[in-house]
Every structure is written in structure tokens, then in C-alpha cells.
Protein chains: 2
Amino acid sequence: MENHNCINCSFKSSAAKTLSKEEFKVIENNSALVFFKKGDIIFKQGALSTNVAYLRTGIVKIHKRGPSREKILRISKSPSYFGIPTTFGNKINQYSATALEDSSVCFIDSNLFQNFIFKNGEFAYKLIVELCENELNDYERYANQSQKQVPGIVAETLICMADKIFNTDRFNFPLTQSELADLVGTSRESISRVLSDFSSNKIIEFNGKEIHILKRDILEQISEKG
Amino acid sequence: MENHNCINCSFKSSAAKTLSKEEFKVIENNSALVFFKKGDIIFKQGALSTNVAYLRTGIVKIHKRGPSREKILRISKSPSYFGIPTTFGNKINQYSATALEDSSVCFIDSNLFQNFIFKNGEFAYKLIVELCENELNDYERYANQSQKQVPGIVAETLICMADKIFNTDRFNFPLTQSELADLVGTSRESISRVLSDFSSNKIIEFNGKEIHILKRDILEQISEKG
DNA sequence: TATAAAGTGTGATTAATATCACATAATCTA
DNA sequence: TAGATTATGTGATATTAATCACACTTTATA
């Protein structure tokens with residue numbers, strides 16, 4: 001559970017490392033590397049999906065239309081696969097992916113990918129392990145968030161971002177407050193109030209885009225209390 | 001996405017079918033079939049996990065301690081695997097499983113299981129597909145529930161149970177109201193009130209344990225509205 | 001079968017947060 | 001750089017559902 005690099009965790013590229021150089025070349029030669037600007041849609045819910053997406057550089061959000069609004073399911077930073085469930089689980093994308101920073105994505109043909117799974121047991125096994133870790137992580141967040149109040153979830157999210165995406169307590173926040181609301185499942189206004197509150201209590205510092213966690217212990221306390 | 005047989009969907013045994021008779025015998029001979037009574041704990045969060053659990057008969061709940069209460073992550077009916085993520089994702093169980101009805105579970109040694117993945121690409125591939133479907137289903141429920149109010153989630157849950165577990169609109173409800181509260185993420189009292197309300201409006205009929213969906217269209221409407 | 005334990009129903013109250021309304025600030029874009 | 005668009009801050013109000021309290025009912029168990 002240590003290799004994760006996103007909120008609610010996409011899996012890392014460790015599976016890919018089990019391929020030999022030759023095998024990896026086959027993948028490289030048969031896949032398109034595409035660059036996306038911040039804000040660009042990488043793939044869209046409802047569209048046909050025939051490729052596995054592998055994030056080489058950048059940060060993306062995985063999101064899905066809910067009954068009344070958009071829900072951000074996870075945020076994933078490179079390197080990670082992020083299109084496997086939607087490609088192998090269904091012919092039609094069940095969620096969208098959008099670049100939060102300039103990003104590059106390798107689209108691997110799903111038949112090619114399937115071939116490697118068939119032929120390379122170790123590769124398949126690592127994929128399975130990573131999908132499992134992913135699921136455990138979903139469960140963790142799912143169990144937490146349904147029992148916490150807004151300040152607790154926001155605190156948890158900030159800590160998680162610092163630890164799993166940026167590896168520092170000071171970073172440029174990749175989301176608007178509306179998006180953060182869609183991630184934690186609350187309203188934009190509530191986010192604004194919670195952040196103001198954290199800020200006026202000197203728990204965090206933020207000016208527009210940059211977040212600086214000043215009192216991590218208190219933030220953790222708020223997160224644990226709910 | 002059609003093969004599912006649980007709420008928020010565990011995967012079916014289709015992967016196992018790709019094994020030859022001989023291969024399947026090896027698994028059968030090296031795994032223990034254990035019977036559980038309603039209410040028995042099958043495995044427990046925090047315990048060491050060295051087996052993959054395959055539900056042969058019965059219904060189980062997968063649950064996890066949250067910060068303030070228990071959260072039911074999914075309900076799974078046979079036939080299905082339900083211990084893969086916790087076995088391959090971590091050495092320690094990240095969630096518990098408890099029998100909701102008398103059940104029988106086949107515990108397959110994880111090394112043996114891993115062996116089959118290594119050797120049988122088709123088996124591995126089907127497992128991957130099913131894990132992916134699982135994840136998409138989690139996403140679906142996750143996106144829905146965070147945006148619906150209690151009556152909407154309860155309506156959705158009842159419909160889902162009727163369709164995916166019992167295949168009929170009249171069934172013995174496998175959960176207490178407290179458990180249903182832990183599943184949908186609300187309080188026991190709210191569940192009681194919502195069910196009373198549905199009942200007095202003749203949308204459902206229920207006497208203790210038996211649920212009968214009388215007006216499915218209205219229930220669906222409530223579910224969609226939120 | 002008596003007694004305990006677990007589960008359920010329902011009113012009153014409280015608390016959290018959604019919603020509405022609008023002001024202000026930042027940022028795109030022609 | 002002007003004007004438009006998008007993002008944010010904040011008060012007032014409404015609403016949903018949590019919590020508390022307790023009666024009642026069903027189910028276990030000695």
C-alpha cells in the first residue's frame with residue numbers, strides 16, 4: 001500500500017516494469033503518445049473506449065456525471081494507468097478524464113494490452129495486485145467520507161494531496177474550489193468557508209492557488225475527529 | 001456489466017470457468033470448504049489473510065470500520081469471489097466479511113491462486129476484467145450516493161437488491177434496519193422513517209423481514225430524483 | 001416460558017450544511 | 001486594456017437528517 005501516487009489511488013507503473021525491453025518496445029511502437037494542456041479532456045464518459053490510458057507526465061482528474069452534479073472520483077498523477085477499468089470493464093467509457101496540469105498520455109491499444117496479459121503471467125499478476133490495492137483504497141475513502149463532516153473530509157483531502165501527490169506541505173492547489181467541492185461531495189460555499197476557517201486559524205495558508213499546510217497535527221486531528 | 005449478482009457488485013465465477021477440469025481439481029483439493037451460519041464472521045478486518053475467499057452458496061456482507069461506525073461496502077451473493085482485494089492488496093484484511101444467510105465458502109490458498117494466474121493468461125484476463133467491472137460499479141454507487149438524499153439512496157438500494165440479489169420484487173430482507181443504515185450511510189431512525197413513509201404510501205409493503213416492491217416506477221422515480 | 005437482549009417506531013430538538021443572493025476578485029480574450 | 005467570464009467570499013434562510021429519549025415489539029436464551 002505504499003506505492004500510491006494519487007488521491008484514492010491509481011496504481012503505479014510497477015506492472016509495466018515486469019515486461020522485457022523487447023516487449024515494452026512493442027507497446028511503445030503500437031501506442032500513441034498525446035500531449036494535453038491543462039483543462040483538456042483526455043477521454044469522455046459515454047465515448048467508445050478502445051485504448052488503455054497510461055499517464056506519463058502530469059496530473060489528471062477522473063470524474064463522472066452524478067444525478068445532480070459532477071463527481072470527481074480520484075486524482076491521479078504520473079506515472080499511472082488510469083483507463084483500465086473503463087476499457088476492460090465496458091465498451092463505453094463510464095467516466096471522463098481531464099488534465100489538471102499539462103500532461104502526456106500513452107494510449108495503448110486494448111487488444112495489444114490484452115495480449116501481454118495473456119502471455120505474461122507476472123505482468124497480469126501485478127496488474128491484479130494493483131487493481132486490488134486500488135479497490136482497497138476506494139473502500140478506505142468511501143468508508144471515511146461517508147462518516148465525516150465537511151471539515152474532516154477537506155482536512156483529509158489536503159493531507160492526502162500533500163502526501164501522495166506533491167510530497168510536500170506546500171504546493172499549488174490543482175483544483176478550483178468548485179472542483180474540490182465535487183471531490184469531497186459538498187457545496188462550493190462550504191468549501192470556501194472551511195478553507196477560510198482553516199486559514200484564519202493559521203492551520204493552513206493559502207493565497208489563490210498555493211496551499212501551505214502550517215499545522216499538520218491539527219489538520220490530522222480534524223480529519224480523524226470527522 | 002450484466003453478470004453481477006450483488007449490490008455494488010462482486011464478480012461472478014466466470015473467471016473460474018476458464019480453468020480446465022484438471023486445473024480446477026487442483027484448486028478443489030487444495031482448498032477448504034467451510035460452512036457458516038447466519039451472523040458468523042467469515043474473516044475479520046485486521047487479521048492475516050492468506051486465502052482467497054470464494055462464496056459457493058449464501059449471501060455475505062463486506063464491511064469495514066469507519067471513523068465513527070461500521071460501513072457496509074457491499075453485499076455479495078454466491079457465486080462470487082469476495083476476498084481477492086484484501087488478499088492480494090495487503091497482507092492484513094482491510095475489511096471484514098460476515099454471513100447474512102447460511103453460507104459456504106471455499107478458501108483457496110493465495111499462492112495456489114497466484115500460480116494459476118501466472119500460468120493461465122485467460123484466467124488472469126477474466127479476473128482483471130471482473131475487477132475492473134467491480135471498480136466501475138463502485139464508482140457508480142459512489143457518484144450516486146454522494147449526491148442523493150436518504151430516500152433516494154434507500155430506493156436505489158431496494159431496487160438494486162431486487163434486481164441483483166433476489167431477481168424478484170418480493171424477498172426476505174437480509175439486513176436489519178441498523179445494517180441498512182450502515183450500508184446507505186445514514187442513521188437507523190432515518191431508515192425507519194423512510195421505510196414507514198414508503199410503506200404508508202403503498203410504494204412497498206413490509207412486515208418485519210419481507211419486502212414487497214409494489215410500485216417500482218415510483219421507487220425508481222424517487223431514486224432518480226435523489 | 002420467563003427474562004433478557006436486540007430490533008423498531010416516533011416525537012422533539014439540534015446541528016450541519018445546502019441554497020439563495022449578491023458583492024468582489026481574478027483570469028481570460030478580443 | 002476593456003469587457004466578459006469564471007472564481008471566490010459571505011450573510012441570511014431553509015432544509016435535511018442527526019441526535020436524544022423513550023415506548024414498544026420481536027427474537028434469543030437460560
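Reminder, nothing fancy here: chain letters follow the sequence lines and each chain counts from 1.
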### Message
Classify B/Ser187 by what it touches in the nucleic acid, base, sugar-phosphate, or nothing, heavy-atom distance under 4.0 Å.
### Response
base

#### Entry: Options C/dC20, D/dT19, C/dT8, nucleotide nearest the side-chain atoms of B/Arg193
D/dT19

### Message
So does B/Ser223 get a backbone contact from the side chain of B/Lys148, meaning a donor-acceptor N/O pair under 3.5 Å?
### Response
yes

### Message
If you assign each of B/Lys38 and B/Pro151 to its closest nucleotide in DNA chain D, which residue comes earlier from the 5' end?
### Response
B/Pro151

### Whole angstrom value for the distance that separates C1' of D/dT10 from CD1 of A/Ile191
15 Å

### Task
Tell me which nucleotide among C/dA21, C/dG9, D/dA17 gets nearest to the side chain of A/Arg188.
C/dA21

### Message
Check B/Lys38 with B/Asp102, please: is the shortest side-chain N to carboxylate O separation under 4.0 Å?
### Response
no

### Task
Figure out the CD/P separation between A/Gln177 and D/dT10, and round it to whole Å.
10 Å

### Message
Output the rounded distance in Å from NZ (A/Lys148) to C1' (D/dA18).
### Response
19 Å

#### Entry: Spacing of B/Phe206 atom CZ relative to D/dT25 atom P, expressed in whole Å
15 Å

#### Entry: Distance-only side-chain donor-acceptor flag, A/Ser104 / A/Thr57, under 3.5 Å
yes

### Task
Using a heavy-atom cut-off of under 4.0 Å over every strand shown, decide if B/Ser190 touches base, sugar-phosphate, or nothing.
sugar-phosphate

### Task
Identify which nucleotide among C/dT8, C/dA18, C/dC20 has an atom closest to any side-chain atom of A/Thr186, counting heavy atoms from C-beta outward.
C/dA18

### Message
Tell me whether the side-chain N or O atoms of A/Arg69 pair up with the base of C/dT19 as donor and acceptor below 3.5 Å, since no angle test is needed here.
### Response
no

### Task
Provide, to the nearest angstrom, the distance between the CD atom belonging to A/Gln149 and the P atom belonging to D/dA17.
15 Å

### Task
Would you kindly give the CG-to-P distance between B/Asn207 and C/dT8, to the nearest whole Å?
13 Å

### Query
Among D/dT19, C/dG9, C/dT19, which nucleotide sits nearest the side chain of B/Ser192?
C/dG9

### Residue closer to the 5' end of DNA chain C, A/Gly185 versus A/Lys209 (nearest nucleotide)
A/Gly185

### Query
Are B/Tyr54 and B/Phe113 close enough that their ring centers fall under 6.0 Å?
no

### Query
How close or far is atom C1' of D/dT16 from atom CD of B/Gln147, stated in whole angstroms?
16 Å

### Query
How many Å lie between CD on A/Glu189 and C1' on C/dT24, as a whole number?
15 Å

### Query
Does a donor on one side chain sit under 3.5 Å from an acceptor on the other, for A/Tyr95 and A/Arg74?
no

